[in-house]
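Quantities reported herein were computed from a predicted structural model and do not represent experimental measurements. Note that the numbering runs from 1 along the sequence shown for the chain. Computation of the quantities below employed the complete heavy-atom set of this structure, encompassing side-chain atoms and omitting hydrogens, waters and symmetry-equivalent molecules.
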Amino acid sequence: MNDVKLAVLGGEGTGKSALIVRFLTKRFIGEYASNFESIYNKHLCLDGKQLTLEIYDPCSQPQRGKFSLTSELHWADGFVIVYDISDRSSFAFAKALIYRIREPQTSHCKRMVESAVLLVGNKQDLCHVREVGWEEGQKLALDNRCQFCELSAAEQSLEVEMMFIRIIKDILTNCKLKEKRRPSGSKSVAKLINNVFGKRRKSV
């Protein structure tokens, strides 16, 4: 497998785009608002393998109202779910996203291997106004078979990079399991699903 597709989801203002930009460019953007959905492309070498990473960055997602992840569930190999440790409502939204991803599989989105999910508590630099404890994030992740970490996109460039590498490695492990279980002759529909998104593509 040479392509890895990763969706970064979370409530408005949680720092989704800041995490992505920090990973791709090592720079931090404090204020980032976008009305456009984007897919960033990055080529990287991991454990001696050349990979093409695609990261889906949605436009600002309101934390209230109904949401559907049907397109994302079809497209993505893995998910980074972001909340702001100083905003409890963003944690509730992250929980709802994880529950949606972990729902019993339906016929329109059946997976042979469960999606890789990493829950991220962002803005650790704001721990003095913390509303969500580390233990709460860890428990949510454990209860839903997710990886978990807390970090600060503003202050921790290396930790952000390691977080993305961690989820990419999980995705690659899942893909190896999927290949073992895939019936001979079946083909991935990922290329067809690519057309689901009318996003702007950005190469880094």
Side-chain angles (χ1 to χ4, degrees), residues 4-34 37-38 40 42 53 55-65 67 69 72-73 76-103 114-174:
V4 173
K5 296 178 172 63
L6 182 63
V8 180
L9 308 174
E12 188 173 4
T14 55
K16 302 183 299 293
S17 298
L19 286 167
I20 295 170
V21 172
R22 175 66 103 170
F23 172 61
L24 295 175
T25 70
K26 301 190 186 306
R27 291 181 294 125
F28 174 67
I29 298 176
E31 295 293 329
Y32 189 102
S34 175
E37 298 173 314
S38 302
Y40 296 86
K42 180 178 178 66
L53 174 64
I55 304 178
Y56 167 53
D57 182 15
C59 58
S60 295
Q61 294 174 280
Q63 292 176 194
R64 295 179 178 81
F67 59 90
L69 295 180
E72 288 87 343
L73 287 168
D77 299 309
F79 300 87
V80 174
I81 308 298
V82 186
Y83 68 92
D84 174 354
I85 68 164
S86 66
D87 178 5
R88 177 156 290 280
S89 65
S90 74
F91 183 68
F93 187 70
K95 185 183 295 187
L97 288 170
I98 289 175
Y99 287 173
R100 176 72 179 93
I101 293 168
R102 290 297 190 233
E103 274 180 353
E114 198 171 56
S115 296
V117 179
L118 174 59
L119 176 65
V120 178
N122 189 30
K123 305 191 183 182
Q124 198 179 48
D125 51 301
L126 299 180
C127 61
H128 56 288
V129 288
R130 177 191 288 274
E131 292 185 359
V132 183
W134 184 92
E135 297 81 3
E136 292 178 87
Q138 174 77 343
K139 184 178 187 305
L140 177 61
L142 286 173
D143 289 348
N144 293 277
R145 303 171 302 286
C146 305
Q147 298 268 17
F148 172 70
C149 70
E150 269 193 13
L151 47 71
S152 167
E155 297 182 349
Q156 297 176 310
S157 178
L158 179 59
E159 284 79 357
V160 171
E161 180 179 358
M162 295 309 297
M163 178 268 288
F164 275 97
I165 296 300
R166 184 175 168 187
I167 186 68
I168 292 167
K169 286 185 174 181
D170 280 354
I171 290 170
L172 293 174
T173 298
N174 280 358

As an exercise, state the distance from CD1 of Ile101 to SG of Cys146, rounded to the nearest 0.5 Å.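 Nearest 0.5 Å value for the CD1-SG distance: 7.5 Å.
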For [X], enumerate each residue passing the side-chain hydrogen bond (donor to acceptor under 3.5 Å, both in side chains) test, keeping only those at least two apart in sequence or located in another chain.
{"X": "Asp170", "result": "Gln147"}
{"X": "Gln124", "result": "Glu150"}
{"X": "Ser157", "result": "none"}

Output yes when a side-chain donor or acceptor of Lys16 lies under 3.5 Å from a complementary backbone atom of Gly10, and no otherwise.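 Confirmed, Lys16 side chain pairs with Gly10 backbone.
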Do Val117 and Asn144 have side chains that get closer than 4.5 Å, going by heavy atoms?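 In short, these two side chains do not touch, never coming nearer than 4.5 Å.
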Counterpart residues, side-chain contact (heavy atoms from CB on, under 4.5 Å), relative to [X] (two or more places apart):
{"X": "Asp143", "answer": "Lys139"}
{"X": "Ala94", "answer": "Ile81, Tyr83, Leu119"}
{"X": "Arg145", "answer": "Arg102, Glu114"}
{"X": "Glu155", "answer": "Asp125, Ser152"}

[X]: salt bridge (charged side-chain N to carboxylate O under 4.0 Å, His left out) partners, not counting sequence neighbours:
{"X": "Lys169", "answer": "none"}
{"X": "Glu159", "answer": "none"}
{"X": "Arg88", "answer": "Glu136"}

Pairs satisfying ring-ring contact (aromatic ring centres under 6.0 Å, His included), at least one member in residues 116-140, at least two apart: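 Residue pairs passing ring-ring contact (aromatic ring centres under 6.0 Å, His included), neighbours aside: Trp134-Phe148.
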For residues 5-26, pull every pair meeting ring-ring contact (aromatic ring centres under 6.0 Å, His included), keeping only residues two or more places apart or in separate chains.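 The answer is Phe23-Phe164.
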Under 3.5 Å side-chain donor-acceptor pair for Thr14 and Asn122: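 No, no side-chain donor-acceptor pair sits under 3.5 Å.
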